[in-house]
Number of protein chains: 2
Amino acid sequence: MTPRSAQQNAMIKDETREQILSGALRVFSHRGYAATRVSDIAKACGLSHGLLYYYFQSKDEIFTELVRRAVESSSNALLMAEAIPAPAFQKIEWITREVLSNVMTDADSAYYFLIMTQTSVTDVLPDKIQAIMKQSSVPFDVMLRIVAEGQIQDSVVAGDVQQLVTAYWSAIQGIAIYRIAFKDNFQMPDADILLRMLRAV
Amino acid sequence: MTPRSAQQNAMIKDETREQILSGALRVFSHRGYAATRVSDIAKACGLSHGLLYYYFQSKDEIFTELVRRAVESSSNALLMAEAIPAPAFQKIEWITREVLSNVMTDADSAYYFLIMTQTSVTDVLPDKIQAIMKQSSVPFDVMLRIVAEGQIQDSVVAGDVQQLVTAYWSAIQGIAIYRIAFKDNFQMPDADILLRMLRAV
DNA sequence: GTCTATAATTTGATAGAC
DNA sequence: GTCTATCAAATTATAGAC
């Protein structure tokens, strides 16, 4: 048997790392940070308890990486939508359909939503995570700007912008959670139902 | 000092029991079932660790009682609204304003929502609780009936009833969670914003 | 009724064999 | 790279003093 090259080793290491993060996402999202045991994660990704500590320094570090990715990806998605050269309401439509479609077809997408929700509610979390969570308002802030823009363009209904976005974004998050809770019995609402909250009459 | 009467003792016992449940609701809702330590609850209600076991047989039993109350109160509220002798959309309006008002002014109300959400998502829970949770679809089912009634009366927009209620109820739950996450920075959306999802045009 | 002390388990994390 | 064995700390639940 020829020895593995350094490159091959690096690839294996990378894959296993992702494998751990994937299993951890599933477990953390369903049980929350504190309730998740390291051995639960190990079992979920079919690896030994000890091996996780070869890839990550602690349970904290695994969770932190997941929260970091959740914040990063949702922020990027919203900032990208904002940059689309189109009328405000078209941006809102695009975001809504994109998010709902992701939540429906990609389980991880819904899990990331759930992790963010849990993290925002829980009072006991490592400091590092608290710091990352402070950037978690980016998606909400982007929505505030787009909705305000839509009101100027008369495509979004009049009313308090903060209230409109709170209702809209709460619904998005609520749907992601419902999708996980109901599993196969879940029926995804059409984007138009949500858009009625914002669309000008 | 005169000895306490049996009646006085019973009152104290009842009050302390409620005190425990009140503290437990706050802690469980913020940390989830498994992450909540019995000593956390004891600290939250200013009682000793051991005393909780005088009132409840286990951590399970405390949580079970809270879930039972959450299911019961939300079911009762919705069933009561359904029984109001009024057009369907007026029932929906009443429910929406009532729930949002409660979530805003009564912290416990929002905590109950959060417990229900967590419980519906988590995969590892005592069997007893799983059984209670099966009744948790009552509010959703009531909404299904009222919305269908509203469509017949042409006061609710056309469309798949399941989808409409999923969007509406997800938004309600999402708002309750957001209210807890944002605390004093939260601005409650006006009920009309949510009602636009359902109102006929 | 309420507390403190403690027993039995379980957990996060480490060490060392392969 | 991956596993098993093990430690120190924390947790649920109980026992017994007041």
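Order of the sequence lines fixes the chain letters, A, B, ..., with proteins taken first and strands second; residue numbering starts at 1 for each chain. Only heavy atoms go into these numbers, but all of them, side chains included; no hydrogens, no water, no symmetry mates.
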Euclidean distance, atom [atom1] of residue [X] to atom [atom2] of [N] [Å, nearest integer]:
X	N	atom1	atom2	answer
B:F56	C:dT2	CZ	C1'	16 Å
A:L52	C:dT11	CG	P	15 Å
A:H49	C:dT10	NE2	P	15 Å
A:L47	C:dA13	CG	P	17 Å
A:R37	C:dA13	CZ	P	12 Å
A:K43	C:dG12	NZ	P	12 Å
B:Y55	D:dT14	OH	P	17 Å
B:Q57	D:dT12	CD	C1'	14 Å

Original post:
Aromatic rings B:Y111 and B:H30: how do their planes relate, parallel, tilted or perpendicular, breaks at 30° and 60°?
Top reply: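 Rings of B:Y111 and B:H30: perpendicular, as their planes differ by over 60°.
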Is the phosphate of [N], meaning OP1 or OP2, less than 4.0 Å from a side-chain N or O of [X]?
X	N	value
A:Y53	C:dT14	no
A:T16	D:dG1	no
A:Y54	C:dT14	no

Subject >> Note, A:M104 side chain near A:F186 side chain (heavy atom, < 4.5 Å) >> reply: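 A:M104 reaches A:F186 side chain to side chain.
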**OP:** Compare all side-chain heavy atoms of B:Y33 with those of B:V124 and state whether any distance is below 4.5 angstrom.
**Re:**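 A side-chain contact is absent here, since even the closest heavy-atom pair is not under 4.5 Å.
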**OP:** Ignoring hydrogens and angles, state whether a donor on the side chain of B:D60 or B:T64 is under 3.5 Å from an acceptor on the partner side chain.
**Re:**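 Short answer, no.
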**OP:** State which of C:dT2, D:dT2, D:dT12 makes the closest approach to the side chain of A:L51.
**Re:**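 The answer is D:dT2.
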**OP:** Ignoring the backbone of A:K59, work out which of C:dA13, D:dC3, C:dT2 is nearest its side chain.
**Re:**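 So the side chain of A:K59 is nearest to C:dA13.
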